[in-house]
Engineer: 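Quick one: the structure is below, questions incoming.
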Protein chains: 4
Amino acid sequence: MPGKDSAREKRPPGRPRSESARRAILRSTLRLLRHTGYSDLSIEAIAGDANVGKATVYRWWPNKGALVVDAFSSSVHKELLFPDTGSVYSDVSLQASHLVQLLRSRRGQIVAALIGGGQTDAELIEAFRERFVRPRRLEAYATLRKGIERRELPAGADLDLILDSLYGAIYMRFLIWKDGLTEEFIADICRLVLDGACTSAAEAEAR
Amino acid sequence: MPGKDSAREKRPPGRPRSESARRAILRSTLRLLRHTGYSDLSIEAIAGDANVGKATVYRWWPNKGALVVDAFSSSVHKELLFPDTGSVYSDVSLQASHLVQLLRSRRGQIVAALIGGGQTDAELIEAFRERFVRPRRLEAYATLRKGIERRELPAGADLDLILDSLYGAIYMRFLIWKDGLTEEFIADICRLVLDGACTSAAEAEAR
Amino acid sequence: MPGKDSAREKRPPGRPRSESARRAILRSTLRLLRHTGYSDLSIEAIAGDANVGKATVYRWWPNKGALVVDAFSSSVHKELLFPDTGSVYSDVSLQASHLVQLLRSRRGQIVAALIGGGQTDAELIEAFRERFVRPRRLEAYATLRKGIERRELPAGADLDLILDSLYGAIYMRFLIWKDGLTEEFIADICRLVLDGACTSAAEAEAR
Amino acid sequence: MPGKDSAREKRPPGRPRSESARRAILRSTLRLLRHTGYSDLSIEAIAGDANVGKATVYRWWPNKGALVVDAFSSSVHKELLFPDTGSVYSDVSLQASHLVQLLRSRRGQIVAALIGGGQTDAELIEAFRERFVRPRRLEAYATLRKGIERRELPAGADLDLILDSLYGAIYMRFLIWKDGLTEEFIADICRLVLDGACTSAAEAEAR
DNA sequence: CAATAATCGAGACGGTACGTCACGTCTTCTT
DNA sequence: AAGAAGACGTGACGTACCGTCTCGATTATTG
């Protein structure tokens, strides 16, 4: 068999896409987002900063939102994985603590910009949700289920309810109050929500 | 007593601000926001619709966000007042239900736009917070304190923690999930958080 | 020889300037100037009339004056060339007569506007001088020199002095008196100045 | 007779016009004209500089041109009077020399601005002509007529022709060449024109 | 090894809206 | 009645980006 690879794809004729241009664009997008808000970020500036023609950007990304999500998700590391300490409270509060560290760092401005920009751009918020929030949510489900197995949480607990009230509180302080994201707050909110999950599920069962 | 009025204010010199222009601008802002998204809303169009000079808009509002906050908060009626039913749970869940109705209506897009724009504009998020969120927060304190007096909530409850996790969950679904703002959710989240407040405060006391 | 052309000019990168836009702008400038005064002429109107973006105008002309000089000088035909009749007096008075005809026509308003605007804008008066006045001055030198060769003028005549007093008189009546630009005046001023040149140079020599 | 004064004028009721405001406006106009060109001079700035309401300016001067001429003519001293030395050449060249000194000074910019602005504003150039140029022209006639009486100039000399070619040359260098206004030039141009007047009138008589 | 084709950078194009400035008019209170 | 103060509707300013386009140059595959 002469072919080198079974997954070999027929390359179209013509000059292939420049990988270095792609990377330069993503890098410039992130750099500029650190200093400028999402809405003040212009494709013109990105292309200029990346030494790239404007058309090259438009050739590969349909709009600003798609580009920014792409750039951001290429920058998120494994720092937000849930640990497995044997205690739901510990697992969740540790991860929440790492999230808060991220939000308080320079990259937090990018998260704010994405959520902010997404309120105007449906595709942007969807991309942010599916590529950033959803993966962590799936891990959180697993962590909570382990807690249920260990009887730390009741069997009928509404996982989304728990996670929305916990992370919702964090995002509320991050997006609106712009304050109060302390370690103590993390400890308190985890306790409040996990305790609530126990009591409220017990009541529901009793009904 | 010679003075006419103790609260009489000295008017500044010059032609006074036109109240009719102010109202026309706010009215046009809301009208256009119904048809256009926040980011497609232009001051040029507002001024044109209101038959007003662009400079008159800029004289009184520093930017689009401030204008929209003003227009929006002038349109929020008493629909978000907390009732006084004699039960914390009822008071809070009724108000939360009204908030969700607002967020799900056309005016919800304005709220989203304000929070979104505020992620780029510190003054905008501050204005939104102080003029829309804070007043409701103050009422919420009062409602919760009545609950404490009635022994529905423990004396040492952290009111901000309770409210951030409750409303944070709502805003999380509103801003990021763009889904799940049902009546059942309201009931569940209120129960979860209020129950959590009881248990977690009891624990804290025990420590 | 590998190079195609010694005078070959390297075109700069990027899309080349649109010649049709350039012409449309100049045409619209002249058209609007016929109906409106110079100071009432707006770049906005020119761009609109030429179906051209305002930025395209500003990309190529720094200000209104420069644009109008360009438009004007592109409209000056060969009508102001000096003839060669064999007599200095005839050559000069014929050309002066053509100039006066131009100044009295609708295009005279453009000349007035350019000189007027140039009193505030150093670059404008320089452009007017170099592109309109200087070329004619150079021809005038040649005409006068032929007169010197034919002994119609003395060898030591100060050409600039002669031309400034001749054309200065015309511009004085044009710009300040706004009157008196008759054919008789042309004949008289040419005679006065050319006679003066003869006598005064003779005296100078005698000294 | 009860009246105090035959020239007594019935004063209109109400607050009389403020002389200090009038002076402040004229002073500010001249000051700003030194730094800014005529077309960049704004009534807004004048009123601000003079601590005067804008309406006060508009109440007394119909437009910018009228105000500027007023301000300028209130500042011209007796420096441009023709002397009486007993020689036309001396009288004229001395006065021309003073004029050139004025044009080369800071006030020259105002003269340029007035002539420049007048090319767009008919009332302005008329006011400049009648209040600045014409008075000097009348004196110049007198000076030249004394020269005719002394036989320095022929009886049939065309005074306007002489003066336009002399002062026209000066204004040509001032307005267009922006150069060459030397003392030597003054001497030369006076000689050229006065000599021309003699010869050309003699010829005309001979015809 | 030429021809073909899609990419690249650069930057001009027709547009839209920006936020500022001055216009000349007006409305208020004070002198 | 005139003063200063300054807001008003109007309209042009010059700038910044939009998303599209036209260039010459570059880099690959195909004939």
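Below, chain A is the first sequence line, B the second, and so on; all start at residue 1. Please read all numbers here as calculations on a predicted model, not as lab measurements.
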Engineer: Considering just the side-chain nitrogens and oxygens of B:Thr56, establish if one lies under 4.0 Å of OP1 or OP2 belonging to F:dG9.
Structural biologist: yes
Engineer: Closest-nucleotide mapping onto DNA chain F: is A:Ala55 or C:Pro62 further toward the 5' terminus? I mean the 5' end.
Structural biologist: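 Of the two residues, C:Pro62 wins.
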Engineer: Under 4.0 angstrom, heavy atoms only, what part of the nucleic acid is D:Ala47 near: base, sugar-phosphate, or nothing?
Structural biologist: nothing
Engineer: For C:Ile46 and F:dC13, give me the distance from atom CD1 to atom C1', rounded to whole Å.
Structural biologist: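 So the CD1-C1' distance, C:Ile46 to F:dC13, works out to 13 Å.
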Engineer: Any donor-acceptor pair under 3.5 Å joining the side chain of A:Arg15 to the base of F:dT26?
Structural biologist: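 Yes, the side chain and the base share a sub-3.5 Å donor-acceptor pair.
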Engineer: Determine: side-chain N/O of D:Arg59 to OP1/OP2 of F:dG3, distance under 4.0 Å, yes or no.
Structural biologist: yes
Engineer: How close do B:Asp70 and B:Trp61 get, counting heavy atoms only, and between which atoms?
Structural biologist: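 Taking every non-hydrogen atom into account, OD2-NE1, 2.9 Å.
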Engineer: Atom CG of A:Asp40 and atom C1' of E:dA17: how far apart are they, to the nearest Å?
Structural biologist: 14 Å
Engineer: I'd like to know if the side chain of C:Lys64 and the backbone of C:Leu41 have a donor-acceptor N/O pair within less than 3.5 Å.
Structural biologist: yes
Engineer: Salt bridge or not between D:Glu19 and D:Arg22? Use side-chain N to carboxylate O under 4.0 Å.
Structural biologist: yes
Engineer: F:dC17 P sits how many Å from A:Leu32 CG, rounded?
Structural biologist: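 Result: 11 Å.
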Engineer: Using the closest heavy atom to pick a nucleotide of DNA chain E for each, name whichever of B:Tyr58 or B:Gly14 lands nearer the 5' end.
Structural biologist: B:Tyr58
Engineer: Using whole Å, report how far CG of D:Asn51 lies from C1' of F:dA4.
Structural biologist: 9 Å
Engineer: Round to the nearest Å and state the distance from B:Ile25 atom CD1 to F:dC8 atom C1'.
Structural biologist: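 It is 11 Å, rounded to the nearest whole Å.
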Engineer: Between C:Trp60 and E:dG11, is there a contact of a side-chain N or O with OP1 or OP2 at under 4.0 Å?
Structural biologist: no
Engineer: Look at the side chain of A:Ser18 and decide which nucleotide, out of F:dG3, E:dG14, E:dC8, has an atom nearest to it.
Structural biologist: E:dC8
Engineer: Write down the distance between CG (C:Asn63) and P (F:dC13), rounded to a whole number of angstrom.
Structural biologist: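 To the nearest whole Å, that distance equals 11 Å.
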Engineer: Return the nearest nucleotide to the side chain of D:Lys54; candidates are E:dG24, F:dC8, F:dC13.
Structural biologist: E:dG24
Engineer: Please state how far atom CD in A:Glu19 lies from atom C1' in E:dT7, giving the value in whole angstrom units.
Structural biologist: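 Distance, rounded to whole Å: 14 Å.
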Engineer: One thing to verify: whether C:Arg27 and C:Asp49 come together as a salt bridge, which I'm taking to mean a side-chain N less than 4.0 angstrom from a carboxylate O.
Structural biologist: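 A salt bridge is absent here (no side-chain N lies under 4.0 Å from a carboxylate O).
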Engineer: Map A:Ile43 and B:Pro13 onto DNA chain F by nearest heavy atom, then report which one ends up closer to the 5' terminus.
Structural biologist: B:Pro13
Engineer: Taking atom P of F:dC18 as reference, at what distance in whole Å does atom CG of A:Leu67 sit?
Structural biologist: 11 Å
Engineer: Which nucleotide in the set E:dC18, E:dG9, F:dC18 lies at the smallest distance from any side-chain heavy atom of A:Glu44?
Structural biologist: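 When the side chain of A:Glu44 is considered, F:dC18 is the closest of E:dC18, E:dG9, F:dC18.
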Engineer: Nearest heavy-atom pair of A:Leu124 and A:Gly118: which atoms, and what distance?
Structural biologist: CD2-N, 3.4 Å
